[in-house]
> 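Please find one structure pasted underneath; my questions will follow.
It should be emphasised that the depicted structure is a prediction, and the values quoted were computed from it without experimental measurement. Below, chains carry the letters A, B, ... as their sequence lines are ordered, and counting in each starts from 1. All values below were derived from every heavy atom in this structure, side-chain atoms included, with hydrogens, water molecules and symmetry-related copies excluded.
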2 protein chains.
Amino acid sequence: MTQKTTLPLDQVLVGDCIELMNSLPEKSVDLIFADPPYNLQLGGDLLRPNNSKVDAVDDHWDQFDSFRHYDEFTRDWLTAARRVLKDTGAIWVIGSYHNIYRVGNMLQDIGYWILNDIVWRKTNPMPNFRGKRFCNAHETLLWCSKSEEQKAITFNYEAMKQLNEGLQMRSDWLMPICSGSERLKDEKGKKVHPTQKPEALLQRVLMATTRQGDVVLDPFFGTGTTGAAARRLGRHFIGLEREDTYAEAARDRIAKVQMLDGDSLELTESKRSLPRIPFGAVIERGLLAPGDKIYDNRGNVAAMVRADGSISHKDNAGSIHQIGAHVQGAQACNGWTFWHYKCDGRLVSIDNLRTQLRKEMGQVPA
Amino acid sequence: MTQKTTLPLDQVLVGDCIELMNSLPEKSVDLIFADPPYNLQLGGDLLRPNNSKVDAVDDHWDQFDSFRHYDEFTRDWLTAARRVLKDTGAIWVIGSYHNIYRVGNMLQDIGYWILNDIVWRKTNPMPNFRGKRFCNAHETLLWCSKSEEQKAITFNYEAMKQLNEGLQMRSDWLMPICSGSERLKDEKGKKVHPTQKPEALLQRVLMATTRQGDVVLDPFFGTGTTGAAARRLGRHFIGLEREDTYAEAARDRIAKVQMLDGDSLELTESKRSLPRIPFGAVIERGLLAPGDKIYDNRGNVAAMVRADGSISHKDNAGSIHQIGAHVQGAQACNGWTFWHYKCDGRLVSIDNLRTQLRKEMGQVPA
DNA sequence: GGCAATAGTGAATCTGTTC
DNA sequence: AGAACAGATTCACTATTGC
């Protein structure tokens, strides 16, 4: 394959990702996000307690004969990726325990420098049906620079801090898996790709470690979550994908994505630029009244709202954040998302009340 | 060093952990918990924003000049550990992103089989003072069996489920770091060990994957958190530690631990651990009679009970499980929960009869 | 249409004992 | 060693059906 002199921006290229990466100019992309095959080694079928069969990942692209073959594959694509990456660039790789220790080890062997490992905690993982293990409720992302010497890596620290309500963003991120209307389905209602990632995950990755106009390369593009997030956030993407079906689905999907304009991007980046709303304002405006009960998301724990915007639970009183943390035995808690009120018999997050207040106050909602 | 023929139970041995492990009889311990030195490569001292120095991990034993040396060290101790581990035993290793990808890769290379990776989410991690990275708020634990073929690993599923308020325990655990009165300090108030682990973490590990009386080996004993948790929970420990200071502190600490009594250590039994009752026993005891009809949970399908404990449906006869599977067109079926009998016009699960029988036989109900 | 009940599903290395 | 068989086991959320 001949070497390209310009980048094929915002395109999906079909073919082997190593060959395609080698056809791109060296040191040309700002970020790489990679979701390589996990090398799942499944035994027989897995049945749920109700005897239905789990639709497992048994695709041919996830089959490797041995760790040695998987390692060779990993070395090859990580090496090709390193060539196209700018010296100031960074790479993200996502995986599970089946492959992430192979990948992490190889990243280090090749000379990449791990900046953080990030844990994606799933709100709704598939349970362990046989009761033989802990529920496998997370995946791991590795964020690396090209080498130890490269210190000037893009990291939008303040944006992350604001996303986390003023506290430093941690290495554990809580997000739901990709489902519902976000999940691409074919005409028969079957999922197009077995492992489509949630766009929220990619949004956070891109918000944290790229700037507007940056070029993001994804060598295992699949159905193009990286491309969708990049387009939405005003970044360029290059998608490499071996399967034509996936590539086609990705193109259709990305074409439909609404690109945010510069202004709204600024807003997304700085949620904190919205004035803080004290919980007391919810009481003042009468959205909740003193004496009202608020609950955790299961309705198990109840606290009482007090006139001054504090809440009480048993003998303790304090802010929604303090009491939320206390009842969980946690150090900290975002009371806005922890507490719920009853509306027509259903539990609704009090964060909805904050959003409503912001609307009334003419602030653009996040 | 000569080979010991009996285990040095509940002792702290001072010396090189590899030599000491090689002096123990092979296949003799039930569990290994290891907190190996981290390959922390801090370039120079780390300063807090106010310029006070962070007491980072810079003890002499924590310096390795390359991944190669670290890998050799890792291979050596993991190999020695595998020799002393029973075939049905398991190993836990804890680490951070600096070393866990080396360790995980080596575990797999040696033949260990990863059962889960567990994320310890810290409620109170040290912040990232420079604001250049995500706050490193977790550590990773790997839980492995000796090989892929070893399936019968101790896992107290029900106990874990109880601990998690009735939901199966996930792979992400939220716990504070070791601080306050739990943290061992010397006369000058300086912490005795740089990376003392919280006892709660070890308690969960031991509650999940050992039984009372099991032998737990910790090759990097430090100040003995593993020993303290083991003693408290009625497990035996063997601690290996190179530094005499740490070993001495560990012995003092463990001597003060209050051992819990046996009753409080009883775990919620799983159904699996109860003696098996054949369906024929239900007939023998007269709880059902030959000729009685049993039904699925809607009363749609009926089968007839026969004197030998088999049942018949149309032209087919067999066990409650076989016929249950057959009428559903399923691969397998738990006949005890599938079939029901009529009592006062209502359908009641035949599993109730099994429970009744177990009570009469003096077996503890689940 | 509204609400309740039921069914479906997601990167999963998912059994133990006896013959 | 392999086959046969008993029998234990799920959480959060979405989509569909039923009343």
Side-chain angles (χ1 to χ4, degrees), chain A residues 35-59 61-64 67 94-100 120 122-140 176-183 185 189-191 193-198 220 222 297-298 344-346, chain B residues 108 112-117 144-145 147-149 151-153 155 157-158 161 164-171 270-279 309 318-322 324-325 330-339 351 354 366:
Chain A
D35 181 10
Y38 285 11
N39 188 27
L40 300 181
Q41 302 293 314
L42 305 175
D45 288 343
L46 176 62
L47 298 180
R48 302 167 196 272
N50 68 1
N51 270 338
S52 68
K53 196 178 136 192
V54 172
D55 182 15
V57 177
D58 54 359
D59 304 72
W61 47 256
D62 199 43
Q63 310 292 323
F64 295 84
F67 281 137
I94 183 169
S96 67
Y97 68 86
H98 311 85
N99 71 326
I100 201 66
W120 168 28
K122 303 178 184 182
T123 56
N124 48 351
M126 191 184 298
N128 184 287
F129 295 117
R130 306 322 281 248
K132 305 307 290 184
R133 304 278 183 271
F134 296 98
C135 171
N136 193 12
H138 74 276
E139 294 189 26
T140 302
I177 60 176
C178 179
S179 65
S181 60
E182 188 188 338
R183 188 87 195 212
K185 307 257 171 68
K190 202 172 156 293
K191 57 191 177 195
H193 194 282
T195 69
Q196 185 181 337
K197 293 293 175 290
F220 306 98
N297 64 343
R298 295 167 180 265
D344 299 330
R346 290 203 300 193
Chain B
Q108 291 180 315
Y112 287 102
W113 189 249
I114 300 179
L115 301 170
N116 276 117
D117 60 348
C144 309
S145 62
S147 74
E148 181 181 0
E149 291 70 37
K151 301 286 187 188
I153 304 301
F155 181 56
Y157 176 77
E158 284 297 333
K161 195 169 170 177
N164 196 33
E165 302 197 312
L167 296 178
Q168 67 178 205
M169 185 69 79
R170 296 168 41 116
S171 56
S270 75
K271 265 190 178 177
R272 269 189 266 258
S273 62
L274 294 174
R276 189 165 289 185
I277 303 244
F279 180 64
S319 72
I320 52 172
H321 312 294
Q322 290 168 331
Q331 269 184 342
C333 166
N334 180 349
W336 288 107
T337 53
F338 180 76
W339 295 106
D351 206 22
R354 181 168 63 160

> Starting at the 5' end of DNA chain D, what dot-bracket string do you get if Watson-Crick and G-U pairs under 3.5 Å are bracketed, crossing pairs use [ ], other-strand pairs use | and unpaired bases use dots?
.|||||....|||||||||

> Go through DNA chain D in 5' to 3' direction and return only the first and the last nucleotide with some atom under 4.0 Å of chain A's heavy atoms.
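The contact span of chain A on DNA chain D goes from D:dG7 to D:dA15.
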
> Going by number, which of residues 47-59 of chain A have a non-hydrogen atom under 4.0 Å from DNA chain D?
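Correct list: A:P49.
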
> Would you please name every residue forming a side chain to side chain donor-acceptor pair (under 3.5 Å) with A:H193, sequence neighbours left out?
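Once residues adjacent in sequence are excluded, the partners of A:H193 under the side chain to side chain donor-acceptor pair (under 3.5 Å) criterion are A:T195.
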
> List in chain and number order the residues that pass salt bridge (charged side-chain N to carboxylate O under 4.0 Å, His left out) with A:K53, two or more places apart in sequence or in another chain; answer none if no residue qualifies.
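If we apply the salt bridge (charged side-chain N to carboxylate O under 4.0 Å, His left out) test to A:K53, skipping adjacent residues, the hits are A:D45.
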
> Just jot down the ring pair (Phe, Tyr, Trp, His ring centres under 6.0 Å) partners of A:Y38, sequence neighbours excluded, or say none.
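Result, ring pair (Phe, Tyr, Trp, His ring centres under 6.0 Å) vs A:Y38: none returned.
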
> According to salt bridge (charged side-chain N to carboxylate O under 4.0 Å, His left out), who are the partners of A:D35, at least two apart in sequence or on a separate chain?
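Checked A:D35 against salt bridge (charged side-chain N to carboxylate O under 4.0 Å, His left out); matches are A:K197.
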
> Hey, is the main chain of B:R354 close enough, under 3.5 Å, to the side chain of B:W336 for a donor-acceptor pair?
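Checked: no pair found.
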
> Considering residues at least two apart in sequence or located in another chain, which fulfil the ring pair (Phe, Tyr, Trp, His ring centres under 6.0 Å) criterion with A:F134?
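So A:F134 forms a ring pair (Phe, Tyr, Trp, His ring centres under 6.0 Å) with B:W143, B:F155, B:W173.
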
> Between protein and nucleotides 1-5 of chain C, what N or O pairs are separated by less than 3.5 Å?
none

> Using a cut-off of 4.0 Å on non-hydrogen atoms, how would the nucleic acid contact of B:I114 be classed: base, sugar-phosphate, or nothing?
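Answer is base: heavy atoms of B:I114 come under 4.0 Å of a base.
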
> Just to verify, what does A:R133 make a salt bridge (charged side-chain N to carboxylate O under 4.0 Å, His left out) with, not counting sequence neighbours?
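Result, salt bridge (charged side-chain N to carboxylate O under 4.0 Å, His left out) vs A:R133: none returned.
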
> Closer to the 5' end of DNA chain D via nearest nucleotide, is it A:N128 or A:P176?
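With A:N128 and A:P176 compared, the 5'-side residue is A:N128.
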
> Using the test side chain to side chain donor-acceptor pair (under 3.5 Å), find all partners of A:Q196 that sit at least two apart in sequence or belong to another chain.
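Not a single residue meets the side chain to side chain donor-acceptor pair (under 3.5 Å) criterion with A:Q196.
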
> Quick one: list whatever passes side chain to side chain contact (heavy atoms under 4.5 Å, CB included) with A:N51, sequence neighbours left out.
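Checked A:N51 against side chain to side chain contact (heavy atoms under 4.5 Å, CB included); matches are A:L47, B:Q328, B:A330.
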
